[in-house]
Amino acid sequence: AMRHLPYFCRGEVVKGFGRGSKELGIPTANFSEEVVESFPSDISTGIYYGWACVGNGDVHKMVLSIGWNPFYKNIKKSVETHIIHTYKEDFYGEILSIVITGYIRPEKNFDSLDALISAIQEDIEEAKRQLDLPEHLKLKEDNFFHLPAGKIGNHH
């Protein structure tokens, strides 16, 4: 799962299924289909961690799921980023820049929403620990996160 890492990616945030926040209490940002289709086709599905930045904002830790979301029986692959930071409002239409630096676990199915939520909480804790390591921490400062003027999208 590590062959493609670190993986740099940037794209517009689109409306997802609206499940992350409502059902799980864990808001996620969804990339558009074009961005998802640009991912390496052989990248392993599962849970990853890395850094994320919205627009020209601060860079925060994140966990990311790549997969078919077996729990929800999706037919399309999705890439969902949960930024480990509390945002006051939605950022649909903003540009999300991410660097995926490491892999946590394969995708798996869960018998219940509670099991899914506790797995995600564990993933978040694991991501926080890993991202404090120097080899991951240094990517937080990558120039990739400094968007050139004019590429920032519409700020309201």
Side-chain angles (χ1 to χ4, degrees), residues 1-24 26-85 87 89-110 116 119-120 123-124 126-128 130-131 133 135-156:
M2 304 296 285
R3 191 161 56 87
H4 292 292
L5 304 184
Y7 184 75
F8 294 78
C9 173
R10 173 176 290 143
E12 189 176 339
V13 177
V14 299
K15 276 198 182 345
F17 299 96
R19 290 186 300 238
S21 315
K22 292 185 194 61
E23 288 186 32
L24 304 176
I26 301 162
T28 59
N30 291 67
F31 278 125
S32 70
E33 237 168 85
E34 294 79 44
V35 175
V36 175
E37 281 163 10
S38 74
F39 269 66
S41 55
D42 61 340
I43 198 166
S44 307
T45 57
I47 309 301
Y48 293 80
Y49 57 84
W51 300 103
C53 163
V54 177
N56 243 348
D58 294 333
V59 179
H60 296 287
K61 296 176 177 180
M62 64 81 168
V63 286
L64 174 112
S65 116
I66 299 178
W68 306 99
N69 286 344
F71 187 81
Y72 289 109
K73 308 279 187 282
N74 281 355
I75 46 173
K76 270 198 180 305
K77 198 187 264 188
S78 73
V79 175
E80 297 181 43
T81 304
H82 168 68
I83 302 174
I84 304 171
H85 174 74
Y87 287 92
E89 61 272 309
D90 287 331
F91 40 81
Y92 299 123
E94 295 275 6
I95 298 295
L96 174 65
S97 303
I98 63 167
V99 177
I100 305 171
T101 65
Y103 179 74
I104 298 179
R105 62 174 174 84
E107 199 174 25
K108 52 181 191 263
N109 212 338
F110 294 94
L116 174 59
I120 295 171
D123 296 336
I124 289 171
E126 176 67 10
K128 286 178 179 171
Q130 294 291 339
L131 288 162
L133 300 173
E135 69 265 29
H136 296 302
L137 204 52
K138 68 172 197 281
L139 282 154
K140 182 180 184 177
E141 308 302 328
D142 198 276
N143 282 335
F144 178 74
F145 287 120
H146 301 286
L147 284 179
K151 291 271 191 322
I152 297 163
N154 309 323
H155 269 169
H156 311 299

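Just so it is clear, the model here is predicted, and its values are computed rather than measured.
By the salt bridge (Lys or Arg N to Asp or Glu O under 4.0 Å) test, Lys140 is found to be paired with no residue, residues two or more places apart in sequence or in another chain being considered. Listed by chain and number, the residues in a side-chain contact (heavy atoms from CB on, under 4.5 Å) with Glu126 are Ile104, Arg129, Gln130 (sequence neighbours excluded). In this view, Thr45 satisfies the side-chain hydrogen bond (donor to acceptor under 3.5 Å, both in side chains) rule with no residue, not counting sequence neighbours. Remark: Asp58 engages no residue in a salt bridge (Lys or Arg N to Asp or Glu O under 4.0 Å) (not counting sequence neighbours). For Phe31, the ring-ring contact (aromatic ring centres under 6.0 Å, His included) criterion is met by no residue, not counting sequence neighbours. A search for ring-ring contact (aromatic ring centres under 6.0 Å, His included) contacts involving Tyr7 returns Phe39, not counting sequence neighbours. Applying the side-chain hydrogen bond (donor to acceptor under 3.5 Å, both in side chains) rule to Thr101 yields the partners His136; only residues at least two apart in sequence or on another chain are considered.
In this structure, Ala52 and Ile98 approach most closely via the heavy-atom pair CB-CG2, 3.8 Å. A pairwise comparison of heavy atoms in Gly50 and Leu131 identifies O-CD1, 3.2 Å as the closest pair. Looking at every heavy atom in both residues, Ala119 comes nearest to Arg105 through CB-NH2, 3.9 Å. Contact between Phe145 and Leu139 at its shortest, heavy atoms only, is CE1-O, 3.5 Å. Contact record, Cys53 with Val59: CB-CG2, 4.0 Å, taken as the closest heavy-atom pair. Scanning both residues, Gly55 and Glu94, for their nearest heavy atoms gives CA-OE1, 4.3 Å.
In this structure, CG on Asp42 lies 7.5 Å from OG on Ser44, to the nearest 0.5 angstrom. For the atom pair CD of Glu80 and CD1 of Ile66, the computed distance is 11.0 Å after rounding to the nearest 0.5 Å. Interatomic distance, Asn30 CG to Thr28 OG1, rounded to the nearest 0.5 Å: 5.0 Å.
Judged by distance alone, the side chain of Lys61 and the main-chain N or O of Ile84 form no donor-acceptor pair under 3.5 Å. Judged purely by atom type and a 3.5 angstrom limit, Arg10 uses its side chain to pair as donor or acceptor with the backbone of Phe144.
Under the 4.5 Å side-chain criterion, counting only non-hydrogen atoms from C-beta, Ile120 is not in contact with His82. Inter-residue side-chain proximity for Val35 and Val79 is flagged as unmet; no heavy-atom pair is nearer than 4.5 Å. Between Trp51 and Asp142, the closest side-chain pair of non-hydrogen atoms is not below 4.5 Å. Between Leu64 and Tyr103, the closest side-chain pair of non-hydrogen atoms is not below 4.5 Å.
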- Message: Test side-chain contact (heavy atoms from CB on, under 4.5 Å) on Ile100 and Cys9; report intermediate values, then the result.
- Response: CA-CA 8 Å; Ile100 305 171; Cys9 173; 5.9 Å; no

- Query: Given the rule in the side-chain contact (heavy atoms from CB on, under 4.5 Å) test, do Tyr48 and Ile43 qualify, once you have shown the distances and angles that lead to the verdict?
  - Reply: CA-CA 11 Å; Tyr48 293 80; Ile43 198 166; 3.7 Å; yes

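Applying the salt bridge (Lys or Arg N to Asp or Glu O under 4.0 Å) rule to pairs touching residues 28-39 yields Glu33-Lys76, sequence neighbours excluded.
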